[in-house]
Amino acid sequence: MNAAKPRRRRVRRPGFILGNGLIMLLLLAAVAYGYFGAVLQQAQQAQRGIQGLNHLEHIRAIIEPMQESRGLLTMGQQADPALTGPRLAGRLAAVDQAFALFLEYLAEEQDPLGLAQESGVRLQEWRRLRTTQDYSAPEQVFAAFTAQIGPLLALHRRAITTSGLDLDPVADTYNLVQILDLLLELALEPNGQIRALYATLLSTPAGNQHLGDRIFGRALLLDIVSTRLEHHAAMVLQARPDLTGSLAELSLTIRPTIVQIRDLLAAYSPTGATTPADAQNFFTAATEVITAGYQLYDNALAAARDSLEQRRAQAQTTLRRAVPLFLLLGLGTLALVGWGLTAWRQHQRDTEDLHRQSRFQALVAETSTRFLQTGAGSIDGAISEMLRAVGEFFAVDRAYLFRYTSDGQQLNNTHEWCAPGVPPQRELLQEIPTAEFPWWQQRMREQFQAGRIFSIPDVDQLPEEAAAERKMLSEQGIRSLCTMPVAVNQQLVGFVGLDYLRLHACDEEQTGHRLIMIANLISAGLEREALERELTVNAITDGLTGLYNRRHFFTSLTTQIKEYRRTHKPFALAIFDLDHFKELNDTHGHLVGDCVLKEFATLLREGFRAFDIVARYGGEEFIVMLIDSDREAAAAIAQRMLDTTRRHHFECHGESLRITISGGVVDVTEITAEKLTPEALVDQADQRLYQAKEAGRDQVIWQEAR
């Protein structure tokens, strides 16, 4: 029976989540833009329509008294001035006041439909008409006033068109606007003309066929207008039954109003006996009919305004309700996008951290390999190369290694790497007394015991007890630093550090962990160097005296012979033996004998030059290779060595001893080229030492006996 394989969990990548979130956000933004754009457009259309209705109301307020003024003036001298005069003055003043209110409204509303200029022209023409017109001629008065009303009706039409009321997609408002247009331009204005013309005709008993024809034509037009008005009224009530109350009189009053005008025409016949009173009675009755028509206009205007205000309020309500919903959806989508962005950034940081970790591991591996492949004498180059790699990896301004002197009293900057443009400080940081910086030393040793990095995030914020440290670091331009102690054989020997010439806080988890690894690598390298140096020293030196041993001496002698064969620069050998050393051991013991050997080794180191090779040949015998010296010079130096030993008091274990030495000297030129070997030279020097012993000791033999 096979075990069921576990289902692998499908993990969406942050980029997938972020991409989908952004797509959702864009879709939501597009939907919100379209939706809110449509709602806002509806609200703006309603607002602009209301502005158009305001214009219509003002224009209607100008036209109505102007129409009545035209009728009163065309009645001419036949009318009773006592009856028509005050009424005419009131109507003319009403026109002036309506113009003033209209222009004031346009100024306050900043001319929303762009009709102020044309309205101003209409006012100027009206004022010019009032001052220049001859009111004694009815026909001219009628034509002049009609010419003024015509542009006002055109302005009425422009207000409808400019405000978009004639393009309104909502049927009830559109039909209401058509009713307004028809009522004013094609119904009330013909009625007003009929009122003026027929009143004039009644005031002229002789009759006027021309006036009669004009009246008949306008009366026929009313039938067509009434049909269209009834159609639009029916469309309004079909689309908006709720307007039945406000528009109920419309369909019931339109045709009766037209019939009343016709009835008046039949009641007052211009062919019969007429008087001015007949004209005035007709004018009054016709005015009542026209006033009823204007009431219909006002009802349609109020219904249109109510419809537009309802639509604007509905749009505003929709916005108030939809905004929180879209905000909620937007916030949710933004939260998703934010989460995806955060996850994507975290993914990027993780990827970057992995990359940096990989780079750091490669750096550590390369450094470790370099340390393993580097001999003790080349570790300085490996450390310098490692500091360069570390400085570039951490993007620091300086990377360096400080080491304590063997007594721990001084610090030396032994290695340093500087970023381009950063001045080096290594030459200025030598032999620094540690006693002058106690705060630093205490913190360094505390961090060494804790196995942690020692960092200073801001040099300027160091405490007062670190005033000396703050001054020194500030002089170098350092703002922040982090260091890690370096140990060899669990002893603090120095520290590796990173300097920043800008404020920078060391991350304990990342920088600290990596800096500890770097410090451990350096510690291991220094420890290996110390071990190799110790092994090398042990291999070439004598364990008791610290001088070179016999094997190293022969190696150096072989090299020197090769150099001599090439350059012919002379050199010599001197071999010494402590006189009566066996009796000294037997009498005083081997510890004293060893002490004498060590003190004599010290005399040899001090008595010869630094580049001479001084070695313990074996037992109590010592040998010296004197570089660039001939036989006479070597003999003089050897003799001086005998004199120094003879005068020296050897203080060993509470005893003061005096000893002498014997020596033999040989020059390289004393051996022929074909026989020149290390063994031949040493053998010759040893023979002369034997001769010195045979001759009584405490002397140097440097040439053959004559």
Side-chain angles (χ1 to χ4, degrees), residues 345-346 349 352-353 356-357 359-360 363 383 386-404 410-487 492-523:
R345 287 179 176 174
Q346 184 61 45
R349 285 194 293 267
E352 184 178 352
D353 288 343
R356 285 177 60 84
Q357 184 66 23
R359 286 176 50 207
F360 185 76
L363 185 153
I383 293 177
M386 186 202 67
L387 290 178
R388 180 199 62 78
V390 170
E392 292 177 350
F393 179 84
F394 288 106
V396 302
D397 296 302
R398 293 192 191 95
Y400 49 82
L401 174 66
F402 273 83
R403 296 191 66 178
Y404 290 99
Q410 290 181 335
L411 268 172
N412 293 298
N413 188 181
T414 59
H415 302 78
E416 180 187 50
W417 172 86
C418 296
V422 178
Q425 300 292 325
R426 179 182 174 185
E427 297 299 328
L428 304 175
L429 300 175
Q430 302 298 321
E431 299 180 355
I432 302 174
T434 57
E436 295 182 5
F437 304 100
W439 181 85
W440 175 281
Q441 298 306 315
Q442 181 181 355
R443 295 296 183 275
M444 180 63 66
R445 295 189 182 279
E446 289 176 355
Q447 299 305 96
F448 171 62
Q449 295 296 330
R452 299 174 57 187
I453 66 170
F454 171 44
S455 64
I456 300 178
D458 187 353
V459 169
D460 294 338
Q461 301 300 319
L462 286 175
E464 286 301 321
E465 57 267 26
E469 288 84 351
R470 181 171 60 246
K471 179 182 178 182
M472 184 185 71
L473 295 174
S474 299
E475 289 175 351
Q476 300 175 45
I478 300 172
R479 298 295 305 278
S480 304
L481 63 84
C482 51
T483 63
M484 182 63 199
V486 173
L492 180 63
V493 298
F495 56 87
V496 60
L498 309 175
D499 282 352
Y500 296 88
L501 305 187
R502 61 194 183 279
L503 290 179
H504 181 87
C506 292
D507 184 359
E508 184 73 23
E509 293 184 1
Q510 297 295 330
T511 304
H513 173 70
R514 290 166 176 165
L515 191 57
I516 289 174
M517 294 182 65
I518 295 300
N520 289 339
L521 280 175
I522 294 179
S523 297

Keeping to residues at least two apart or across chains, list the ring-ring contact (aromatic ring centres under 6.0 Å, His included) pairs with something in residues 447-476.
W439-F454, W440-F454
Can you see which heavy atom on P424 is nearest to which on C418, and at what distance?
CA-SG, 3.5 Å
Which residues share a salt bridge (Lys or Arg N to Asp or Glu O under 4.0 Å) with R388, sequence neighbours left out:
E385, E392
Go through the steps for M484 and I453 under the test side-chain contact (heavy atoms from CB on, under 4.5 Å), then give the verdict.
CA-CA 5 Å; M484 182 63 199; I453 66 170; 3.8 Å; yes
Tell me, with the steps shown, if D499 and L473 meet side-chain contact (heavy atoms from CB on, under 4.5 Å).
CA-CA 10 Å; D499 282 352; L473 295 174; 5.7 Å; no
Among all residues two or more places apart in sequence or in another chain, which pass the side-chain hydrogen bond (donor to acceptor under 3.5 Å, both in side chains) test with Q410?
none
What's the shortest heavy-atom distance between S480 and V459, and which atoms?
N-CG2, 4.2 Å
Can you list the residues that meet the ring-ring contact (aromatic ring centres under 6.0 Å, His included) rule with F402, with sequence neighbours excluded?
Y400, F495
Walk me through whether F437 and E469 qualify under side-chain contact (heavy atoms from CB on, under 4.5 Å).
CA-CA 6 Å; F437 304 100; E469 288 84 351; 3.4 Å; yes
What do the steps show when you test V486 against R403 for side-chain contact (heavy atoms from CB on, under 4.5 Å), and what is the final call?
CA-CA 8 Å; V486 173; R403 296 191 66 178; over 6 Å; no
Salt bridge (Lys or Arg N to Asp or Glu O under 4.0 Å): which pairs involve residues 427-444, sequence neighbours left out?
none
For Q425, check side-chain contact (heavy atoms from CB on, under 4.5 Å) against everything at least two apart and list the hits.
R398, E416, P423, L428, L429, Q476
Heavy-atom nearest pair, R502 first then D397, reads NH1-OD2, 3.1 Å
Can you list everything that forms a side-chain contact (heavy atoms from CB on, under 4.5 Å) with Q461? Sequence neighbours excluded, please.
D458
The criterion is side-chain contact (heavy atoms from CB on, under 4.5 Å); which residues satisfy it with A467, sequence neighbours excluded?
R470
Please find the pair of heavy atoms, one from P457 and one from L503, that lie closest to each other, and give the distance.
O-CD2, 3.8 Å
Using a 3.5 Å distance criterion without hydrogens, assess whether the side chain of D460 forms a donor-acceptor pair with backbone atoms of L462.
no
Taking side-chain contact (heavy atoms from CB on, under 4.5 Å) as the test, write out the residues that go with Q442, two or more places apart.
E446
Could you check T414, N413, L411 and say which one makes a side chain to side chain contact (heavy atoms under 4.5 Å, CB included) with Q430?
N413
